[in-house]
Amino acid sequence: MKEIPKNYNPSESEDDIYKLWEESGFFNPDNIDSSERYCNVLPPPNANGELHVGHASGYTVMDIFGRYERMNGKKTLLLPGKDHAGIQTQVVYEKKIKKERGIARDEIGREKFYDEVYEFCMDRSGYMRSQEKRIGISADWSREKFSLDPDGLKIALETFVKMYEDGLVYKGNRIINWCPSCGTALADVEVLHKEEDGKLCYIKYPIKDSDEFISVATTRPETMLGDTAIAVNPKDEKYKDLIGKTAMLPLMNREIPIISDYRIEMGFGTGAVKITPAHDPLDWQIGKDHKLEELQVIDEMSEITDLGGKYAGQKVMEARRNVFADLSDLGLLEKEEDLKINKSICERCKTVIEPLISKQWFVNVDAKKYSLKKEAIKALKEGKINVYPKNFENILINWYENLNDWCISRQIWWGPQFPVWYKGEEIYVGLEAPDGGNPDSAKAMTGNPDSAKATTGEWVQDENTFDTWFSSGQWPYTTLGFPEGKDYKQFYPTDMMIMGRDILPFWAARMIMFGLYKTGNVPFKNLYFTGLIRDKEGHKFSKSRGNGIDPLPMIDKYGADALRLSLVMDTTPGQDARLYEEKIERFRNFTTKLWNIYRYSNQSDENFNIVEEISTEDLKTVSDRWVVSELQKTIQETTKFIEAKNISLAQEKLRVFTWDILADWYVEINKIEKNAKVLGYVFDKILKLWHPFIPFITEKIFQDFHAGKKLLMVSAWPKADESLIDENVSAEFDNLKNIITRIRNIRSSYRIDAAMAIDAYGAEVSGKEIIERLARVKIVGSASESGNFMRISEGDIALDLDIAKLIDVEKEKTRLQNEIKNLESSITRIENTLKNEKFLTGAPKEIIEESRNRMEEYKSKLETQRELLGNLGAF
RNA sequence: GGACGAUUAGCUCAGUUGGUUAGAGCGUCACAUUGACAUUGUGAAGGUCACUGGUUCGAGUCCAGUAUCGUCCACCA
C-alpha cells in the first residue's frame, strides 16, 4: 500500500506539476489534433511591476475556461503577453532612476532612455512570467508577445496609416488634458476626478462706458488673464440688458464682449461666467461656437506665458496669489466662498491637470467614411458578442454613445513613435521613412509636437508616441498575425476575452472598434467581465493603503488551487468580491478534503485504482446506485453551468457532490459496504470535473496512478452516462439517510451521549449495519408488539428505539406537535393551490403533478407523525 | 445631471428560463477523538429576501416607484 501523507503539500509538488504540463507540449495547440479550436488572447499586464491579485483573479477565470475547452478536445490557445504601458512605465522608470541614480530622463537622453526602459521591461516580464506560471495558467509561452515586438507593432502602425488614409485620424488644435509632470497630453479616460475643498472667487469686471460691474465666479482666478468673453444664459433676466455690451478685463485692460450661451447655468455663482477658451474644455467649446480668440496664458510647464502680461514666468499658484492680491487692491474682489471643487488629476502621477490647447493627433470616432462608434454599437446590438454579465452590454453602448474624439499622441519617450514624417510643410504618413529621411533624428522634446517640423530640408519623424491603448486596442489581431498569419487564420475571431470591469472603457470598447474596422469582424465572441477584488472591509486594494494581498505568499502558504478557488467561488461576473486570508484558508480546507478522500480510498483497498467506466452490474447496493446516479447529474449540471459561463454555480455543484454526497455519506458507507470499483469510478470523474478549477492537486493525484504516462490536463471531460441515472434511487436512499439523521437528531436534542449505543429493535431492517454504524445504535432484536419504545420510520424502514429512560417525553411531544402543525399548514396550502382552477389550467403539467406528489408525501408523513405522537402516550 | 450596480441569516456571499418548506461558508451554541480528514464530524439556533404598489394560478426572481449605499461617465465657472 502506498504511503500517503495526511495533508497535501502544494509547495512540494506545484512546480513539478507545472513543468510536467509545460514539457508535455499541450499548452501549444499545434500539438493537439482536432478540428475544433478555442482561443483566448490573454490581457497583457503592464511589464513594469509584478502580479497582483487582480491579475490572479482574471487568469484563474481564463484558465478555467481554457482547461475545460482543452479537455473537450479542442486545439486550445491561451496566448500570453506583456504590455509596454507607455506613460505608466515611463513614470515608474523615472521614479526608479531618480531614486537609485538621482537623475532625470533628460540627463540620459531619449534613445538611451528608451533602451534602458526596454531592458527594464524585459526583466520585469521575465519575473512576471514566473509568477503567472505559479497561478497555474496553461498558456502557450512559446507564443508569448510583447507590445513592442516588431511584427505586432507593424500591424498596429499599419492601422494608423490606413486610418489616416480613410480620414479617421487627424492632427489638430484642440483643448486637451495636459499633465505638467508627465509632460504629455492625456486622453479623457486617463484623467481622474477628485473632489476637494476649494474657493470660489467672485471678481467684478467693469462695464465699458459705465460705472457698473458684472460679477463672475471662478475657482481659478489666474486664468482671467486669458479671458476673451463673459457669457450669460440667454434666458437670464438679470443680465438681459448686458448681452452685446463690452466689459473691461481687469489687470489686462482688454475689452471683452458679453455674450449669451445656453450652456451657462443660471443658478450657479452669479450666473455670469468668464470665458477662457484656451484653458477650460467648456469654454473652449463656447469659444469655438462664438469664434472667440484663444489666448494661451499658461504653458506646458504650468507657467504663465508672455500673453499673461506682468505675470509672465510665474508658476500657476504664484500667479493665482498675485492676481488675487492685485484684484483685491483694485477693489474688484467681491467675495470668496468655500466650495467643493472637482479637480482633474493625472491617473498615473496624480498631478493636477492643466487643460490647454495643443496640436495633437486625434481619432475621429464618428467619421463620415466609417464610424468606429456606430459600427461597434451595431455589432453589439446584433448580438455578435455575448457579454457576461449581460447588462455590461448597455454600459458599453452607453459609453460609445457619449464618446468624443480620442487624443492618441503622447509627448513621452517610451512607446512607439508616430509613422509620420515632415519636411517643411510637407507631411508623409507611412511605415518607412521617405527617401532622405532619418527616422532616428528625434530631438529633445519641448512638449510641442510642432517642433518636429524640421526646417532643415530633411524628412524628420514626428516625435509623438502613441497612447498605449492604441496598440493594446489591437491586441487580438496583432498578436495572432493579421492578416496572413496561421494563427490569425485559425483563431480569429477569438472565443473569449476576460477582463476586470474597470478597464471596460479603456480596452474592451477599443478592441471592438479596432477589430471591426481592421478585420471586419469582432475580436472575440464572448466578453466576460470580472469584478474587482477588494479587501475584507470592501476597500479597493491600493499601494498607499497598504491593504493589498500579494498572491505569491498566499500560494506559498495555501497553494495555488486554494487561491484560485477563493478568487472565483461564490462570485458573480462583474460583481466585486472580497478576499482575505481566512477565505483562502477555507478553500485550502477543501483541497485537504479532496486529498483525504484519495487517502482513504487507498487505505481501504490496497489495489485501489481509478476506473473510467462502470456498468450497472458493478453497483451492488442502494448507496452505490445512489452515488453513481448523483454523479451523472453532477456531470450534467456542472457542464451546463460552465457552458453558460457560470463557473461559480458549477463549482458549487461540484463542492456539494464532493463534500456532502461523496465524503460525508458515500465514503462513510463505503467503510461498511466496500466497493472499490465504484469509489475508483467516482473519484476518476471528480478529478476530471475539478481539474479546470484546481489543476495542481487533481493532476498530482492523477499522476500517482499514471506516473507521467497520461495527463489529466488532456483527459476527456466526463460525459454523463444516462443509463446510470436512477430516478427512484434517490427516494430509496433518502429513507436510509433520513432514518440516520432522525436518530442523530434525537441524540442531539435529548443530550444522549454520542458514545453510547442506543438499543433498537427491527431485525429485518434494510441497511442494518449502516444504520448501526452511522447512527450508533445496536439493533438487538425484532420489533415487539408492546413496550416503551420510540418508533421512527422512513418509508419501509422502521425502528423502535429503546430510549424511554433517556428522553424528555414532553419535549418530544412538543416537537412532534410542531412538526404536525407545519405539515398541516403545508398540506392546506397545496390543497388550496390544487383547488384553484387557474392554477390547474395555467400551470405546466409537471408542476401540477409535482404538487400532487408533494401533498401525498406530506400526508403520509403527517400520518406517521400522528402515530408517533400517539405512541408517546404509552410512556 | 446621465448610466449602471447593490440591498437575502450576526458577517461574506450564492440563488439558473418565475414553480418544494429560500441556500452555502464563516461565526455562535451543544455534542463527538467511531478504520481518510480537528485543515474534521454530527446536530441546533438564526431570514416578514430594503420598502410600496403592480403583473401572474404562483414573485427573492418580472414591471413601476421610493429609500439607502456604491461604481463609472459627464461636469458647475
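Labels below follow one simple rule: chain letters A, B, ... track the order of the sequence lines, proteins then strands, and each chain is numbered from 1. Computed from a predicted structure; not experimentally measured.
Listed pair A:Arg599 / B:C37 meets the phosphate criterion, a side-chain N or O lying under 4.0 Å from OP1 or OP2. An OP1 or OP2 oxygen of B:A3 is reached within less than 4.0 angstrom by no side-chain nitrogen or oxygen of A:Asn394. A close approach under 4.0 Å does occur between a side-chain nitrogen or oxygen of A:Lys6 and OP1 or OP2 of B:A38. Distances shown here put a side-chain N or O of A:Thr572 below 4.0 Å from the OP1 or OP2 atom of B:G15. The phosphate of B:G15 (OP1 or OP2) has no side-chain N or O of A:Lys653 nearer than 4.0 angstrom. The side chain of A:Lys671 contributes no N or O atom lying less than 4.0 Å from OP1 or OP2 of B:U34. For B:C37, neither phosphate oxygen OP1 nor OP2 lies less than 4.0 angstrom from any side-chain nitrogen or oxygen of A:Asn7.
Pairing partner, B:G19: B:C57, with both Watson-Crick or wobble hydrogen-bond distances short of 3.5 Å. With a cut-off of 3.5 Å on both Watson-Crick or G-U wobble distances, the partner of B:U68 is given as B:A6. When both distances must be under 3.5 Å, the Watson-Crick or G-U wobble mate of B:U34 does not exist.
Within 4.0 Å (heavy atoms only), A:Trp659 reaches sugar-phosphate atoms of the nucleic acid but no base atom. Residue A:Asn402 is classed as having no contact, given no heavy-atom separation below 4.0 Å to the nucleic acid. A:Lys640 comes within 4.0 angstrom of a nucleotide base, judged by non-hydrogen atoms across all strands. Residue A:Pro281 is out of contact with every strand shown, counting any heavy-atom pair closer than 4.0 Å. Among the atoms of the strands shown, base atoms are found under 4.0 Å from some heavy atom of A:Arg854. Across all strands shown, A:Thr592 has heavy atoms under 4.0 Å from base atoms, whether or not it also approaches the sugar-phosphate.
A perpendicular orientation is assigned to the rings of A:Phe608 and A:Phe683, their planes being inclined by more than 60° (bins at 30° and 60°).
Atom-to-atom, CD1 of A:Ile830 to P of B:G19 comes out at 16 Å; the value is rounded to the nearest Å. To the nearest angstrom, P of B:C75 lies 9 Å from CG of A:Asp280. Between A:Glu3 atom CD and B:A36 atom C1' the separation is 12 Å, expressed in whole Å. Remark: P of B:C13 and CG of A:Leu579 are 12 Å apart, rounded to the nearest angstrom. As rounded to whole Å, 11 Å separates atom C1' of B:A14 from atom CZ of A:Phe641.
The 5' end of RNA chain B is approached more closely, in terms of each residue's nearest nucleotide, by A:Arg578 than by the other of A:Glu668 and A:Arg578. A residue-by-residue look at A:Leu649 and A:Ile264 shows that A:Leu649 has its nearest nucleotide of RNA chain B further toward the 5' end.
Here the straight-line distance linking atom CD of A:Glu585 with atom OH of A:Tyr558 works out to 4.5 Å at 0.5 Å rounding.
Evaluation of atom-type donor-acceptor distances gives no pair under 3.5 Å for the side chain of A:Arg742 against the base of B:G43.
A salt bridge does not link A:Arg854 to A:Glu857: none of the charged nitrogens lies less than 4.0 Å from a carboxylate oxygen. A salt bridge links A:Lys536 with A:Glu582: the distance from a Lys NZ or Arg NE/NH1/NH2 to an Asp or Glu carboxylate oxygen falls below 4.0 Å. For the pair A:Glu824 and A:Lys859, the salt-bridge criterion is not met [side-chain N within less than 4.0 Å of a carboxylate O].
Taking the six-membered ring for Trp, A:Phe590 and A:Trp690 have ring centres closer than 6.0 Å.
Here the nucleotide nearest the side chain of A:Lys674, chosen from B:G19, B:G35, B:U39, is B:G35.
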